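First the structure, then my questions, so here it is.
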Amino acid sequence: MRQSKNFIPTLKEVPADAVIPSHILMVRAGMVRMLSAGIYSFLPLGYKVLKKIIEIIREEMDAIGGQEFHLPALNPKEIWEQTGRVEAFGDTMFHVKNRDYVLAPTHEEIMTYHAKGALKSYKDLPQIWYQIQTKFRNEPRPRSGVIRGRQFLMKDAYSFDSSWEGLDKSYEMLDKAYRKIFDRVGIKYFVVGASSGAMGGSKSEEFMVRSDAGEDTVAYCEHCGYAANVEVAQSVIEPVKRHTESREIYEISTPNVKSIDELCEFLKIDERETAKSRIYIYNDEPVLVLMSGNDEVNETKLENVLGGAVRPAHPDELKEITGADAGSIGPIGFKGRIIADLRLKDGNNLYSGANKNDYHIGGIDLKRDVPQIEYFDLRTVQSGEKCTRCGKELEVFKAIELGHIFKLGTRYSEALGAEFLDENGQSQPIIMGSYGIGVERVLACFIEQNHDEKGILWKKPLAPFDVHLLGLNMKKEVVSETSEKIYKELTGAGYDVLFDDRVDAQAGFKFNDADLIGLPVQVIVGERGLKEGTVEVKVRKTGDRAKVKTEDLLAYLKEIFK
RNA sequence: CGGGGCGUAGCGUAGUCCGGUUAGCGCGCCUGCUUUGGGAGCAGGAGGUCGCAGGUUCAAAUCCUGCCGCCCCGACCA
């Protein structure tokens with residue numbers, strides 16, 4: 001493809017509203033342009049890459065017997081009401097104003113609608129149906145370019161089985177297909193077991209990519225592959241010591257001491273000798289949550305323990321409930337439920353707030369002084385703690401969710417009446433699974449992982465072209481003739497070539513554009529080299545350059561692409 | 001939805017606090033000449049409802065009010 005005749009509007013300057021590398025580079029390389037917050041237009045270069053991702057996904061889905069559909073994005077609201085998801089999605093769902101339609105944020109309902117009455121017998125099952133199509137979600141805050149948009153491409157797949165064992169098989173097939181897809185694309189990913197969340201169902205796993213732009217925080221063990229969202233992650237952690245002798249309780253005046261750090265400093269004690277109290281409100285009742293030292297309460301874990309939503313108590317509530325402000329609250333004398341992190345189990349000789357401003361209490365023996373206390377895992381895992389599986393160090397970092405697979409069960413088939421007749425002539429709800437990949441996220445994540453200060457570093461599978469052919473000074477006949485010849489030669493040999501044949505662009509301009517666009521290999525044709533019958537071949541990623549005789553070029557490239 | 005920032009030509013911006021000629025600069029664009037191995041030089045040129053609406057004033061990019069849009073942090077999130 002000739003660059004002189006094609007629309008690849010590269011930018012020298014960083015667009016003001018882009019922050020993360022993938023977003024900046026996608027805009028600068030002329031791949032996308034923003035139309036509105038969270039809504040992006042794909043330009044030819046960007047769309048070319050997107051199509052490559054789609055093709056890889058399609059091949060792997062087809063390889064496991066998936067059948068490609070194309071469902072409408074415009075859906076009758078009625079179907080969504082039958083599963084209760086108009087309410088569940090709430091403001092996240094786009095509603096059409098002048099007719100009772102919604103814009104589909106996902107397609108469980110519509111796929112199930114089509115399965116109903118069509119998959120009538122156990123003999124019709126299993127099936128894997130999928131599509132690659134636009135989803136609409138009214139995200140309150142789109143961000144990070146294409147990573148969180150209000151309109152985005154999703155590969156969504158649905159499995160239909162007649163038994164739970166069948167679902168297990170389908171799920172496993174999809175799991176394998178996903179691994180193949182991400183491997184082929186060339187992304188470094190890891191898999192996290194996740195709670196199924198609002199979609200309903202049992203088992204689910206997320207395919208994640210490490211990135212500072214991520215919206216999930218995960219704990220990951222490089223050594224054994226343990227990975228979990230911090231909301232549920234666990235680690236091996238030393239419990240507080242139980243001293244052989246319990247001291248008596250005593251009150252200490254601690255003027256202006258609020259934080260655990262200040263308390264430790266004031267009393268010259270270790271953080272592990274303290275118990276931090278936080279008050280949460282659950283069902284309008286206060287619950288005192290006791291943590292060791294500066295350990296952080298994990299609100300998701302707390303909610304799982306209590307069985308519903310919690311919120312931290314407001315400052316004025318604290319005073320009313322405990323008689324003290326934050327920083328002076330403790331379990332002694334607290335009337336109400338007290339739960340503590342497992343790390344504190346049966347701890348003694350502990351220091352905590354006195355429920356009286358500027359006072360703390362020492363010598364607390366939780367076993368003796370707080371007999372009604374309950375223990376649960378409530379901590380948030382921190383980097384450097386030990387993996388529960390292999391004992392090596394865990395790392396906590398941000399990650400982007402690329403794909404999610406889960407076992408749905410019968411939630412949608414029951415709600416929509418999608419049933420089949422089993423071997424005994426009994427009507428049963430179809431057992432379903434649901435599997436998604438964010439297509440643009442694959443693109444953005446790839447760039448997040450593969451770029452340098454000059455631009456993108458494509459690998460062959462996603463590269464919009466294989467080779468960037470640069471004719472440096474196209475006004476010189478030797479250069480234009482040779483590069484034209486090479487262009488034909490490479491194209492004839494099956495390479496997809498982007499040919500920078502622009503006549504008026506300076507050499508430096510072309511080099512920088514080529515580095516920005518980042519095709520794997522650059523073939524540089526200049527007067528200088530041609531004098532000795534060579535062109536230069538530069539590998540973008542390593543920066544390695546080699547002078548190659550024009551007649552050896554094809555053989556040389558073959559070697560590089562091997 | 002809460003907090004913060006921003007909105008001036010296709011892009012990046014100065015000017016706004018403290019109102020006052022024709023709104024300035026760089027990139028890009030057009031014409032001509034020169035130049036061509038790391039974002040060229042000279043000369044000439046085009047391009048602006050200063051986000052929108054209202055108000056204050058002799059006078060508004062600048063001050064006031066409302067709205068809209070965009071970015072960041074948080075809340076939320078299949």
Side-chain angles (χ1 to χ4, degrees), chain A residues 9-20 23-24 27-28 30 33-39 83 85 88-93 104-109 135-145 147-150 152 154-156 194-201 204 206 213-216 229 231 299-300 309 311-312 400-406 408 411-412 434-438 441 454-455 470-476 478-480 483 500 502-516 522-531 534-536 538 543 545 547:
Chain A
T10 55
L11 294 178
K12 193 170 163 183
E13 284 176 284
V14 177
D17 51 7
V19 175
I20 67 165
H23 187 197
I24 292 171
V27 174
R28 284 195 54 214
R33 287 290 184 270
M34 185 177 81
L35 182 62
S36 173
I39 305 178
T83 57
R85 285 174 108 199
F89 272 104
D91 194 46
T92 303
M93 183 179 253
T106 172
H107 275 88
E108 279 79 10
E109 276 76 358
K135 307 290 185 229
F136 297 87
R137 293 185 191 180
N138 185 23
E139 294 294 343
R141 193 188 148 204
R143 72 185 99 181
S144 306
I147 287 175
R148 188 166 208 79
R150 295 209 168 111
F152 58 97
M154 186 194 252
K155 189 289 305 177
D156 48 321
S195 60
S196 43
M199 296 291 282
S204 96
E206 293 174 331
E215 299 177 294
D216 294 285
N229 199 298
E231 291 178 351
E299 294 187 7
T300 308
R311 65 169 175 85
I400 297 170
E401 179 187 342
L402 273 189
H404 200 162
I405 56 176
F406 37 134
L408 283 178
R411 175 177 166 184
Y412 296 94
S434 154
Y435 317 87
I437 293 178
R441 282 187 181 183
K454 302 223 72 171
L470 310 185
L472 290 190
N473 183 354
M474 291 297 281
K475 278 180 184 159
K476 299 278 182 196
V478 231
V479 176
S480 65
S483 53
D500 195 343
R502 291 174 294 181
V503 174
D504 47 1
Q506 301 279 122
F509 196 93
K510 293 190 177 188
F511 286 135
N512 283 308
D513 259 4
D515 288 346
L516 173 62
Q522 296 169 16
V523 174
I524 300 157
V525 182
E527 206 183 5
R528 210 167 70 184
L530 289 180
K531 276 182 186 151
T534 64
V535 294
E536 192 171 295
K538 173 178 157 186
R545 297 149 181 277
K547 285 181 181 170

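In the text below, chain A, chain B and the rest are named by the order of the sequence lines, each starting its count at 1. Worth saying up front: this structure is predicted, and the values here are computed from it rather than measured.
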Q.
Tell me the interatomic distance from A:E215, atom CD, to B:A75, atom P, rounded to whole angstroms.
A.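 Rounded to whole Å, this separation is 11 Å.
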Q) Expressed as a whole number of Å, how far does the P atom of B:C42 sit from that of B:U35? A)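 Per the computed distance, 15 Å lies between those P atoms.
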Q) Which value, in whole Å, describes the distance between the P atoms of nucleotides B:G7 and B:U16? A)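 Looking at atom P only, B:G7 and B:U16 are 12 Å apart.
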Q: Please measure how far the P atom in B:U8 lies from the corresponding atom in B:A14, and state the result in whole Å.
A: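 Rounded to whole Å, the distance is 10 Å.
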Q) Under 4.0 angstrom, heavy atoms only, what part of the nucleic acid is A:T10 near: base, sugar-phosphate, or nothing? A)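 No contact.
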Q: With the side chain of A:R141 defined as its heavy atoms from C-beta on, choose the nearest nucleotide among B:C11, B:G74, B:C70.
A: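 Of B:C11, B:G74, B:C70, B:G74 is nearest to the side chain of A:R141.
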Q. Closest approach of A:K538 and A:I524, non-hydrogen atoms and distance?
A.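 The pair with the smallest heavy-atom distance is CB-CD1, 4.3 Å.
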(Q) Pairing check on B:U65: which nucleotide meets the Watson-Crick or G-U wobble criteria with it, both distances under 3.5 Å? (A)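 Result: B:A53.
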Q: Please report, rounded to the nearest Å, how far the C1' atom of B:G28 is from the CG atom of A:D513.
A: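 Whole-Å distance recorded here is 12 Å.
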Q: Select from A:R143 and A:K12 the residue whose nearest nucleotide in RNA chain B is closer to the 5' end of that strand.
A: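 Comparing both residues, the 5'-ward one is A:K12.
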Q) Given the C1' atoms of B:C1 and B:C76, what is the spacing between them in whole Å? A)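 After rounding to an integer number of Å, I get 9 Å for this pair.
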Q: Could you run through nucleotides 30-38 of chain B and give me one letter per nucleotide, 5' to 3': B if any protein heavy atom sits under 4.0 Å from the base, S if only the sugar-phosphate is that close, - if neither?
A: -----BBBB
Q. What integer distance in Å separates A:I400:CD1 from B:C77:C1'?
A.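 It is 15 Å, rounded to the nearest whole Å.
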Q) Across all strands shown, which nucleotide pairs with B:G38 by Watson-Crick or G-U wobble geometry, both distances under 3.5 Å? A)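 With both distances under 3.5 Å required, B:G38 matches none.
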Q. How about A:F511 and A:L472: do any of their side-chain heavy atoms sit closer than 4.5 Å?
A.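 Of all side-chain heavy-atom pairs linking A:L472 with A:F511, at least one is under 4.5 Å.
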Q) Taking all non-hydrogen atoms of both residues, which atom of A:G38 and which atom of A:P142 are closest, and how far apart? A)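 The answer is CA-CB, 3.5 Å.
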Q) Taking 4.0 angstrom as the limit, do A:E108 and A:R85 come out as a salt bridge? A)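 Looking at A:R85 together with A:E108, the answer is yes, because their closest N to O distance falls below 4.0 Å.
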Q) Expressed in angstrom and rounded to an integer, what is the separation of A:I24 atom CD1 from B:G12 atom P? A)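 A:I24 atom CD1 is separated from B:G12 atom P by 12 Å.
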Q.
Could you check whether any side-chain heavy atom of A:R441 comes within less than 4.5 Å of a side-chain heavy atom of A:E401, counting everything from C-beta outward?
A.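 A side-chain contact exists here, since the closest heavy-atom pair is under 4.5 Å.
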Q: Sticking with atom P, work out how far B:G55 lies from B:A61, rounded to a whole angstrom.
A: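 Approximately 15 Å lies between the P atom of B:G55 and that of B:A61.
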Q. Between atom CZ in A:R311 and atom C1' in B:G2, what is the gap in whole Å?
A.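 My rounded result for the distance is 16 Å.
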Q: Name the nucleic acid region contacted by A:R441, choosing base, sugar-phosphate or nothing; use a 4.0 angstrom heavy-atom cut-off, strictly under.
A: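 Contact class for A:R441: base.
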Q. Can you find a heavy atom in the side chain of A:R502 that is under 4.5 Å from one in the side chain of A:D513?
A.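 Heavy-atom side-chain distance check passes, below 4.5 Å.
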Q. Should B:U16 form a Watson-Crick or G-U wobble pair with both distances under 3.5 Å, which nucleotide is its partner?
A.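 The answer is none; no pair meets the criterion.
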**Q.** Opposite nucleotide pairing with B:G26, Watson-Crick or G-U, both atom distances under 3.5 Å
**A.**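 Check on B:G26: paired to B:C11, both distances under 3.5 Å.
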**Q.** Rounded interatomic separation in angstrom, taking CG from A:D216 and C1' from B:A75
**A.**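 In whole Å, B:A75 C1' lies 15 Å from A:D216 CG.
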Q) Considering heavy-atom distances to RNA chain B, does A:K510 or A:R148 have its closest nucleotide positioned more toward the 5' end? A)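 Looking at RNA chain B, the more 5' nearest nucleotide goes with A:K510.
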Q) Under 4.0 angstrom, heavy atoms only, what part of the nucleic acid is A:R28 near: base, sugar-phosphate, or nothing? A)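 Contact class for A:R28: base.
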Q. If you measure from the C1' atom in B:C58 to the same atom in B:G45, how many Å do you get, rounded?
A.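 It comes out at 37 Å once rounded to the nearest Å.
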Q: Considering only atom P, compute the distance from B:G15 to B:C25 and round it to an integer number of Å.
A: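 Straight-line distance between the two P atoms is 15 Å.
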**Q.** Gap separating the OG atom of A:S434 from the NE2 atom of A:H404, nearest 0.5 angstrom
**A.**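 Those atoms lie 8.5 Å apart.
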Q.
Using side chain to side chain donor-acceptor pair (under 3.5 Å), reason through A:H23 and A:S144 one step at a time and then give a plain yes or no.
A. CA-CA 6 Å; A:H23 187 197; A:S144 306; over 6 Å; no
Q | Length of the CD-C1' vector between A:E139 and B:C71, whole Å | A |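 Taking atom C1' of B:C71 as the reference, CD of A:E139 is at 17 Å.
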Q: Starting from C1' on B:A9, measure out to CD on A:E13 and report it in whole angstrom.
A: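 So the CD-C1' distance, A:E13 to B:A9, works out to 14 Å.
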**Q.** Base-pairing mate for B:U31 - Watson-Crick or G-U, with both contacts under 3.5 Å
**A.**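 B:U31 is paired, partner B:A43.
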Q: Would you classify A:F152 as touching base, sugar-phosphate or nothing, given that sugar-phosphate means primed atoms plus P, OP1 and OP2, and contacts are heavy atoms under 4.0 Å?
A: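 Contact class for A:F152: base.
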Q. How far does the P atom of B:A60 sit from the matching atom of B:C17, given to the nearest Å?
A.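 Each nucleotide's P atom is 14 Å from the other's.
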Q. With side chains defined as the heavy atoms from C-beta onward, is the minimum distance between A:V535 and A:L530 less than 4.5 Å?
A.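 Yes; the side chains approach each other to less than 4.5 Å.
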Q) Is there a side-chain contact between A:P9 and A:R33, using heavy atoms and a 4.5 Å cut-off? A)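 Yes, close enough: below the 4.5 Å cut-off.
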Q: Tell me what A:V14 touches on the nucleic acid: a base, only sugar-phosphate, or nothing, going by heavy atoms under 4.0 Å.
A: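 Since only primed, P, OP1 and OP2 atoms lie under 4.0 Å of A:V14, the category is sugar-phosphate.
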Q. So which nucleotide does B:C76 pair with, by the Watson-Crick or G-U wobble rule with both distances under 3.5 Å?
A.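 Pair assignment: B:C76 / none.
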Q) If only side-chain N and O atoms of A:T92 are considered, is one of them under 4.0 Å from the OP1 or OP2 phosphate oxygen of B:C76? A)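 So the side-chain polar atoms of A:T92 never come under 4.0 Å of the phosphate oxygens OP1 or OP2 of B:C76.
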